[in-house]
Every structure is written in structure tokens, then in C-alpha cells.
Amino acid sequence: MKIIDKQKPIDVLFISEGTYPYVHGGVASWIHEIITAMGDKKFGVIFLGSKEEDYNGIQYRFPENLVYLESYFMVSGREYPPAAYISGSDKVKKIDAFLNDEGNIVEELLNIYFYLSDVTLADILYGKKTFDMIEDLYIRKELNIPFIDFFWTLRNIFIPLWIAVKAILSVLDREISLIHSPSTGYAGFLGALFKKTRDIPYIVTEHGIYTLERKIDLLNTNWIPKGSNPVFRSIEVEELKKLWINFFINLGKICYKQANKVICLFEGAKSIQMSLGCSPEKIDVIPNGVKIEQYALLRQQRDSIPPVVALIGRVTPVKDVKTFIKAMKILIEKMPEAEGWIVGPEAEDPDYAKECKMLVNTLRLEDKVKFSGFQKLTDILPYIGLSTLTSISEGMPLVVLESFATGVPCVATDAGSIKQLVYGGLNDDDIQLGKAGEIVSAGDSRAFADAYYKFLTDKQLYTNAQFTAIQRVERFYSFDAFINNYQKIYETFIGVNSWQEYQSS
Amino acid sequence: MAGISIQLNKILKKSGLTNLLAATAYSAVLSSGNWIIAVVSIFVSSTLSHKFAKTPDTTIIYQIYITYTLAISLIVSGPLQLMFTRYIADKFFKKRFDEILPNYLGAVVSVMGYSFVVSVILSFYFFKSLPCYYHLIFSCTISTLSGVWITNALLSGLKSYKYILFSFAFSYLFIGISFFFTSKLEVIWTFVSFYAGQIVLLCLLMIRVILDYPSKKLFSLEFWYKRKSYYSLLLSGLFYNIGIWADKFIFWFNPVTGKPVFGNLRASVMYDIPIILAYICLIPGIAVFFLKLEVEFASSYDNYFNAVRSWGKLEDLYRLANKMIDNVRTTLYDTLRVQGIGGVLIFFFEEKIFKFFNLPSIYIPLFNILLVGAILQLAFMVIFAILSYFDRRRDLAIISFIFALGNLIFTMITQFLGPYYYGYGFALSVLIAVLIGMLRLRRFLNEVHYRTFVFIS
């Protein structure tokens, strides 16, 4: 579905998987800020989403320099050819490489014509040989799970790949200087195919580690269809999850291999990327940045420490909101005036949000722990004393930087880059600055409560952390520095017609 | 990280297969067995009251009139029967029992409405220059019969066989007795008595549906538009019934073989008696078919699809599919075997049977080929039912179209070829339809796993 096409050459084409322009915050805002900040460059976006109904429409006013936007909904069925009996293609057997532990992806699978003519979408959907391949794979893997679960898992894994490939076709003759994928996964794979097909330079920014996040998604959810026989369940979940994890690991490898540059947000991520198969010389670390000025103004509005701890983020299992709620219970016993705010959208996982609210009711915290939904940060930061993240996984959460810029210390888990942000870790200067809060182990609600209590009651400790927070964000995590870094990277690629030319220059 | 991935949870829900066909639209086929029951009872009751009738013609007019109302109502309601029972099967599978009654009433109103309109138009030809109360009673009767067929199809689909049997027995007893009295009056009163009997039948059947499937809503036409892919069943139902009646109408309306009985209602004595006898001979085969299909095949079918839907490992699926395919084979073969033995016995004793019923033995050669045709029609019913079970809507449309077209064309040709060929057109058309049906069924069963997983959604 083409939404914007100004028929102009594209300097940077983002491939957004489930983010911009359909959701708020996170990577979606990150893309929006880059586009808005670099008015001199022309951007394009290819959006890959699940189903149109899963999103609440477009969430942004498009900047002038966004010259191309096309959305693909990969599981909507809208892109499917009509059902028909076809024999399919023998070559379909090759795709099991995506699921193998070794993941030696043959070159052929990186050729766009493999997806367009060797094995078409119709072949994948309806081909007899595709079905034979699935049967064969089931037997070879000696699986012990209901066949239907295996069948649908394979379909769910592969159909989106074929839909994603179609996205290349619509911009095949378009002048594009650089492909930028803000994740690996399906989007990254599409970027890699672009690179192979059209020899356009390709960079990946990984906010978290996609592969690990999917692993957490998979291990945390109980979506895997259950067989009617409870005995099968445990085995089945493991085996199917392993297929998905292998698939994502292999997509990651493909991205790392094809990318001209792989960017991560913090030092810790670099080593994980290396362990997942990325060669170290490709990796750059570019932290996110925040616009300090708009938060700096808010600092004056605070005179005493407000007894409010805020968890700012989506209400989802990965944020482990329940630990926060339990910690608030413990804190309130010692400090009855304390309040906990949960600020963030609940739509992504309504069941989990419901569970959290039930927990609040059970612990009789209705007056103390409040769900405020999505809010503008500048509206609430002045009224909170501490920000917190209980997440089990994070990339580089902007909210930590934003609260630092406002002078709000942070108590959080050691997920992603958080430790680097709170204790300092970019370089020696950074470490010297000291602690801007405290790191607590994930799931330990008592430790969280203790840390909250310490900071909210010890004025000296609080002021020190506040000072460190402001210093750190101003020196190392400003938005301008962030944009400058990307400007530089983009400019090394834009203007050169192909990767070969770039290398020889 | 905010929504960086496509929401896995949402992709993973397997669509399809969970709302798999549990069910069967074949009941319409079985209900065509009911018209045999109807014809037999009319045949018997009118034979018994023959002596008391006002004129000897009354009985014949009565029989022919009923045959026409049955034929036309079956052809007219046939299309909706299949589509409607398929729709109800879905509702049943999804346990949306409260949606059954409103849609049933919607279907009854629809079918009775359009049947009435069609039969009013036809009545201007059949009862040309006769008083208009003939038109009216004819149209009302066909309309009511159509309502009966739809209800009957629904109840057979829901397996209320005993109740159906009771209702048919009760109302045909009523019809028989009232014919005994009305046969002494003007012929119109026999028509009225038949109409009254059908109203009794419709009420009896309807009460069952209303009692068993209560609902807050009373009327819905959702079945017409909810699943457009079921429209092919309209065609299958239409062709199937045209196929069954084509040869009869041709014999009635060919001036050489048929003659007018009442108004423009025509009959063909030479063809009607043998064909009625041939159908009556099918009773043992129908019984076996029913038993095999309902008991053996249906349970192995359920086992296979339950395994597909939830627990079956690949080896289980292969094992259960083989069992199911085995049962397809035995259903077809055992039905034909029993009917074949019955057929051979009839061939041996047919002269005595004809003598016993006081029928001229000149009908015997025609009866023989019609018996072969009827046995083939039984095979056709078996294949049709099994294809319905597998929801092979395309195949159903194809074989019923072949049957209808074949019967029309070949029966026409035999009219020109002469009396020795009478009946061969019917037999040949069913033979072709059966063979093609078997080939298509075989093709499906050879790839049953692939076709089940990939296409049923």
C-alpha cells in the first residue's frame, strides 16, 4: 500500500519492521527524529507490519523530506494469490537452511529471483512440493509434536519473507543511495536482499539485539498452540521455539554478513553482536541522544524530592511491570506517602495489562499505583522523584536519558545499556562522573524498594545522583551528537553510486 | 524495545483448520431418499382406495399431481438445501446454536416464498384454462413441500432421524386416510387433503427445530451472504435435482411416450411404473449405505480430522487417513455389493414380481436398464455424500452438472433412437457422473493430507 511517493530520488531508505509510522515511541520515534533533524536529505520508508488491524493508523505528521512510504502487511493475507492446486518447486527444499543450527545460508537464498521466480509466493502457499518439504522436514527432525503445529509454524515463519521480498519490486527502478534497517529480522533480511540485488550500501542499527529479544518473546509467551493432550505440551513448545530462534539467528547472520556497517547503541551490545556472527570491524557504537534543552527547563520546577517513582514504558511482560508493583507495596509500607506511576500504552498486550491491574487491586494499592497511559514526558517528568525500569531486556532506553536530562535519577535493572547509563561506562571520564542512580537485579522487588527508599529519603545521595545524571547526559548523550554521528555515516555512503565505488574511493 | 518486531503472538495464531468442516451437507442427498418413501406410500394408499374413488381417474390424477409437486419442489428447493445445511454445519461446529433458529426461519421463508412464485408461473401452463383454485392449491403445496425439504435437510444434518421418520409416517398416514375420504369428492379435494398433510408434516418438523434450538432472535438471512464460497452449492443442488428428474420430464412431455392426465400435467405409464419399481428396489442398498456412512466412515472421518486439528503426529495422520480411505472404499463397495445381490435376485424373480402386481411384462426390459441406472444412482449418492463430507464443493458441482447435462442429452437422444434404447440415456449419464466422481475422489484421497492442510481454511 503506497502512502507517499513524491517521485524523487531517495537518499536513505529505512526498512521499518512494525515501527514507524504506525507506533509511538521507541524505534519509531527514533526514525522520526532522524528524518526530521536531517532536512537536507530525502528519506523513504518501507514498513513491514503484521496486519493492518494490529495498528492504530499512522501516528506522525510526515516531514517534508519523507518522499516515499509504502506499507506491507505480511500476515494479512491481502497479498496472497488465489488458492489453486499447484505442484510447486523442488527448490523449496533449500529453505530449510534458515532453520538449521549451523545456518549456512547458500548464496541462492540471497538472490531475489529465488523468491520471485524459483519459488513463488503461490508455491510457498499452495505448492504440493512445499507440503512434501514440510512433511520431509518433520520426519528428518524427528519431531514429536502435532503435525499441524509444525505446519503452521513453518508457514508463519516463511510467508512473511516472501511478502517482504515483494517490497523490493516496487522500488526496483528507484534511485536509492543507502538502505538503513533499524533492526535485523525480516527488515534486516530485506535490506540484505536489496544490497545483493541492487548493490546499494546497507547499514543496520540494532537498538536491542533483535535475535535475543525474539528469544525472550518466545520464551515468555505461551502462544505456541497447545495440543489437546497435555503430555505433548512441554516438548512441543521447546521444539517449535527452537525453530523460530534458529530462524532469527540465521536472519541476523545474513544481515551482519551483508551489511556495510552494523551500529549498536552501547558497548555491551557489540560483544553480543560479535558472538552472533558479526565481524568486529563493521561495528560502530552510536548511543542515542536526547534534546537536552527542552528537559533542562523542567529542572527548575522541582524544589523538593517528589515521593513519586515512575515506570515509563509500554505495559508488557518484557518490562516486568509486576516487579515494580510489588516493590511499590514494600516501599509504601515504609513510606506511606510514596506513589508509583506506570506511564505507557497498554494496548500491545491487554491481557498482561489486565493482570497488572489485578495485582494492584490484590495488593490494595489502587490509590497509590496509577496507570496513566501514554503521556508526554515533559508533562510528567517535573512531578516525579525517581524513574525506574524493571525490564528484563532493554536496548538503550531513551527514557533514562530523558529523566537524567530533567535531573531525575534512575533505579533500574542491568538490561542492555542501562548499567552504562547509570554507572557510566563509555570511557574513563564517564565512570569518574559517578552514579546517577542504582542498578538492581531483575525481579528483586525488595532490592528495588530499598533503592527507592534510599534515594527518596537521603537528600545528599539524591542530589549527587541528580548532578551526575545531568552531567552525563549533557556530555555524552545529546541529540546533536547523535545526529552528527549519523550525518557522518550517511554522508560517507550518499553520493557514491555503489558499494564498489565507495570502496575504491 | 518498542514494537521492533512484528508482533509474533499475532502471526502465530493458526488460522484455518480450527473452523474446519465438521460437517456434512449430504443430508439433502439422503432426503431424496424420502421422496421414495413418499411415492411408495402414495402408491399404496391410492391403490387401496382405488375401488372407492369417485372415478377411476381420480387416483391417477392424484398420483401424477403429487409426483409433479414433489419433483418441482425438490428441484426448486434443492439448491438452497445444500447451501443452507453447509452453513448450519459451520454454525454447529462453532457451537453457535442460537444462530440456527433465525437462519432456519429465514431459509424457510425464502424457499417458500420463491417456490410459490415459481410454481404460480408454472401453474399457468399446467392448469391452463382450469379454475384458479387449482393454481392456488398447486402453488401452496409446492411452497409447503419446499419448506418441508429444507427442514428435513436440516434435521437430517442434525441427525434427528427417528423424529423425521415419525413425522413422515404420521403425516403420510394422515394423507392416506384423508385421501380415502376425499377420493369420493371432486378431485380438488384430494389436492387439498394432500396439502393439509404437508402442512401437518411441516409443523411437526418445525416444532422440533424450534424446541431444540431456542434463540432470542427469530429471523436472519445471514446464510445467503455470509459465505459466498458456498454459492457453488446452489448449483450443485440444482443440477443434482435436475439430473434426477430430467429423464422423467422428457418421457412425460414427449408425445410418443407420454400423455396428458389432467390439464397439462402429463404422465408416461410405460416409463413411470418401471422407474418407481426400480427406485423401490434401492431400499436395501440405501439402508447399507446409510449405516456404513454414518457409523464407520463418519467415525473414521472424525478421528482423522480431530488428529489433524489438534494432536496428530505425521504417522498418526497417515494411519488414520488410511483407515478413513479404507472406509470410503467399503462404504461404496458394500453398498453396491448388497444392492448388486438384490439386483441379481430381482432379475431372477422379476417375471413373478410383475405377475404378482399384475403389471404387463412388456415393461421388463425397460425395468432392467432402469434398475441398473438406479443402482448407479445409489453409487452416485455415495460419492456425492463422501465428497460433501470432504467439502469438495467444486467436485460436487462438476459431477452434478455432468449428471444433469448427461441425463438431458442422452435421454433426448434415446427418444429419437426408439423404444429399445429407452432408459439407457439415464443409466449412461449416471455411469459417467459416477466414474468422474470416483476419479476426483481418488485424486483427492491420494493427496488428502496436502489438500486438507493447504486448502481448508
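The model shown is predicted, which means the values in this text are computed figures rather than measured ones. Just so you know, these numbers use all the heavy atoms, side chains as well, and skip hydrogens, waters and symmetry mates.
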Participant: Between A:F151 and B:H449, does the side-chain contact (heavy atoms from CB on, under 4.5 Å) criterion hold? Intermediate values first, please.
Facilitator: CA-CA 11 Å; A:F151 176 80; B:H449 304 294; over 6 Å; no
Participant: Does B:Y333, at its OH atom, have more than 12 non-hydrogen atoms belonging to other residues, nucleotides or ligands within less than 6.0 Å?
Facilitator: no
Participant: Evaluate whether atom NZ of B:K323 has more than 12 neighbouring non-hydrogen atoms of other residues, nucleotides or ligands under 6.0 angstrom away.
Facilitator: no
Participant: Which heavy atom of A:N144 sits nearest to which heavy atom of B:K313, and what is that distance?
Facilitator: OD1-NZ, 3.0 Å
Participant: Side chains of A:R155 and B:F453: does their closest heavy-atom pair fall under 4.5 Å?
Facilitator: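 In short, these two side chains do not touch, never coming nearer than 4.5 Å.
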Participant: Side chain from CB out, backbone as N, CA, C, O: work out which of these in A:Y20 comes under 4.5 Å of a heavy atom of chain B, or both, or neither.
Facilitator: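 A:Y20 has no heavy atom closer than 4.5 Å to chain B.
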Participant: Heavy atoms only, distances under 4.5 angstrom: which of A:A84, A:P345, A:G416 has the most pairs with chain B? Name it, please.
Facilitator: A:A84
Participant: With a 4.5 angstrom heavy-atom cut-off, is it the side chain or the backbone of B:L314 that approaches chain A, or both, or neither?
Facilitator: both
Participant: Under 4.5 Å heavy-atom distance to chain B, tell me which part of A:L125 shows up: side chain, backbone, both or neither.
Facilitator: backbone
Participant: If we ignore hydrogens and angles and just use 3.5 Å, is the side chain of B:Y450 paired with the main-chain N or O of A:Y126 as donor and acceptor?
Facilitator: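 Yes.
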Participant: Flag the one option from A:G344, A:G127, A:S391, A:G313 with the top tally of heavy-atom pairs under 4.5 Å to chain B.
Facilitator: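 That would be A:G127.
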Participant: Report the C-alpha separation of B:E447 and A:Y85 in whole Å, then their side-chain angles, then the decisive distance to 0.1 Å, and conclude whether the side-chain contact (heavy atoms from CB on, under 4.5 Å) test is met.
Facilitator: CA-CA 11 Å; B:E447 295 176 337; A:Y85 167 80; 3.4 Å; yes
